[in-house]
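Okay, so here's the structure we're looking at.
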Amino acid sequence: MGIASRLKEERFLVIALVVSVTAYLLEHTVMEMGPGLALIAAAALVATIVLASIRVAHHAELLAVKVGDPYGTMILTLSALAVEVIILAIMMSGESSPTLVRDTIYSALMLDINGILGLAALLGGLKHGEQPYNDNSGKTYGVMILTAMGISMIVPEFVPRDRWHYYSAFTIVAMIALYGLFLRMQVGQHSYFFSYSYPRSERKKESRDEHGADGSAAVSIATILLGVVVIGLLAEFMSTFMTEGLRDSGAPIAVTAVVVAAISAAPEILTALRAALRNRMQATVNIAMGASLSTVILTVPVMEAIALYTGQPFIMAMTPVQTVMVTITLIAAAINLNDGETNAIEGMTHFILFATFVMLTALGL
């Protein structure tokens, strides 16, 4: 493929690079023109980051097709997680809220399980009826998410402030240990937990789709790395503009967290919905539940390490409303993902929980 064709194909990343240079040149001008223009600029940067994230996700999908499940969904979720961690780390270095990390992880959980999985199961159920998947994956993801959320975002409520660094160090070790064992299960002797054998006709269709995947692995890896760097540059300016735009606006503090979570989840939404509409619910479950688990189990140790290094702890303990919403979500997921089949009713229950999350966020709760 020629350079011109490659640039045309990667036009979203080219646009993102141009926008980042423009933001660098006009940063001070925009800041001097007031919070209104700063908020508009922040919104434009959010849209640009989403476009760049879609290209990163596309190349992650190409790699995923080449390696197959469960490695494929690992690549998809880790690429989205890299975007989220970079944005969080950049925003935490500025004038961000001490609850930003907590609220972002909470928002990501609501978006992934209730938003992505709920909408995918609803639309897929309306089109195909009951959609099968390997119930071992749902159970494993569920208990891991519950354990990780409990350790990192519920127990901290009871840890004295003068001893936070001890528990923070323990949390880092615990999350790494959990993920290490989970990773060994996912790619080792229990890898069959996260895959499902579809009928022969569907496998043939998937094979045709996979052979249509273009580009080499090296090109995809290079594009992913470039995309992550560009997203980091855009996030730097987005953080500055958003902080200025929302200053004294009265908007709920959690709005920023929802934006960060939505940015990282945007490409996953498209991938999960496509899988559900093709009656491949296993990929949807892996993406939605895997993204939730990765967000908690990998974001927490990185951000806790930053807290230990800077000496300024984040507020990780969830509010009572957040704890209730997470509890309801995980109980509903445990029930719905227990029988190896999803349907429209199960999807609707999660989607209503997502709508409740949106309403509570709008109310500042």
Distance in Å, [X] [atom1] paired with [Y] [atom2], rounded so as to fall on 0.5 Å steps:
X      : Y      : atom1 : atom2 : answer
Leu100 : Met303 : CG    : CE    : 7.5 Å
Ile176 : Leu298 : CD1   : CG    : 9.0 Å
Ser53  : Leu234 : OG    : CG    : 9.0 Å
Ile113 : Tyr141 : CD1   : OH    : 11.5 Å
Thr171 : His165 : OG1   : NE2   : 13.0 Å
Lys139 : Asp339 : NZ    : CG    : 9.0 Å

- request: Describe, in one word, how the ring planes of Phe194 and Phe182 are oriented to each other, choosing from parallel (under 30°), tilted (30 to 60°) and perpendicular (over 60°).
  value: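 If you compare the ring of Phe194 with that of Phe182, the planes turn out perpendicular.
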
May I ask you to decide if [Y]'s main-chain N or O and [X]'s side chain share a donor-acceptor pair within less than 3.5 Å?
X      : Y      : value
Gln131 : Ala276 : yes
Thr319 : Gln322 : yes
Gln282 : Asn134 : yes
Ser168 : Trp164 : no
His350 : Gly115 : no
Ser137 : Tyr133 : no
Ser20  : Leu17  : yes
Arg102 : Met153 : no

List the steps, then state whether ring-ring contact (aromatic ring centres under 6.0 Å, His included) holds for Phe351 with Phe357.
CA-CA 10 Å; Phe351 194 68; Phe357 157 72; over 10 Å; no

If you take all heavy atoms of [X] and [Y], which pair is closest and at what distance?
X      : Y      : value
Thr295 : Ala108 : CG2-CB, 3.8 Å
His128 : Leu277 : NE2-O, 2.8 Å
Thr140 : Asn136 : OG1-O, 2.7 Å
Ala272 : Thr284 : O-OG1, 2.9 Å
Pro156 : Ala317 : C-CB, 4.0 Å
Met144 : Leu178 : CE-O, 3.6 Å

Got more than 12 heavy atoms from elsewhere within 6.0 Å of [atom1], [X]?
X      : atom1 : value
Met348 : CE    : no
Ile345 : CD1   : no
Arg184 : CZ    : no

Practice problem: Could you walk me through whether Glu304 and Met316 pass side chain to side chain contact (heavy atoms under 4.5 Å, CB included), step by step? | Solution: CA-CA 9 Å; Glu304 291 281 9; Met316 290 299 294; 3.6 Å; yes

Establish whether [X] and [Y] are linked, either directly or via other cluster members, by ILVMFWY side-chain heavy-atom contacts under 4.5 Å.
X      : Y      : answer
Val155 : Ile105 : yes
Leu45  : Val21  : yes
Ile172 : Met149 : no
Met110 : Ile352 : no
Ile49  : Ile269 : yes

With a 4.5 Å heavy-atom cut-off, do [X] and [Y] have their side chains touching?
X      : Y      : answer
Phe241 : Met238 : no
Ile154 : Val326 : no
Thr99  : Phe314 : no
Thr223 : Arg55  : no
Ile151 : Met175 : yes
Arg280 : Arg274 : no
Leu226 : Glu10  : no
Asp112 : Met289 : no

Residue among Ile287, Thr342, Leu337 satisfying side chain to side chain contact (heavy atoms under 4.5 Å, CB included) with Leu117:
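Only one of Ile287, Thr342, Leu337 forms a side chain to side chain contact (heavy atoms under 4.5 Å, CB included) with Leu117, namely Leu337.
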
Donor + acceptor pair across side chains of Asn343, Glu130 (<3.5 Å):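 No.
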
Using the ring centroid of each side chain, check whether Tyr167 and Phe158 are separated by less than 6.0 Å.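 No, the ring of Tyr167 stays outside the 6.0 Å limit from the ring of Phe158, centre to centre.
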
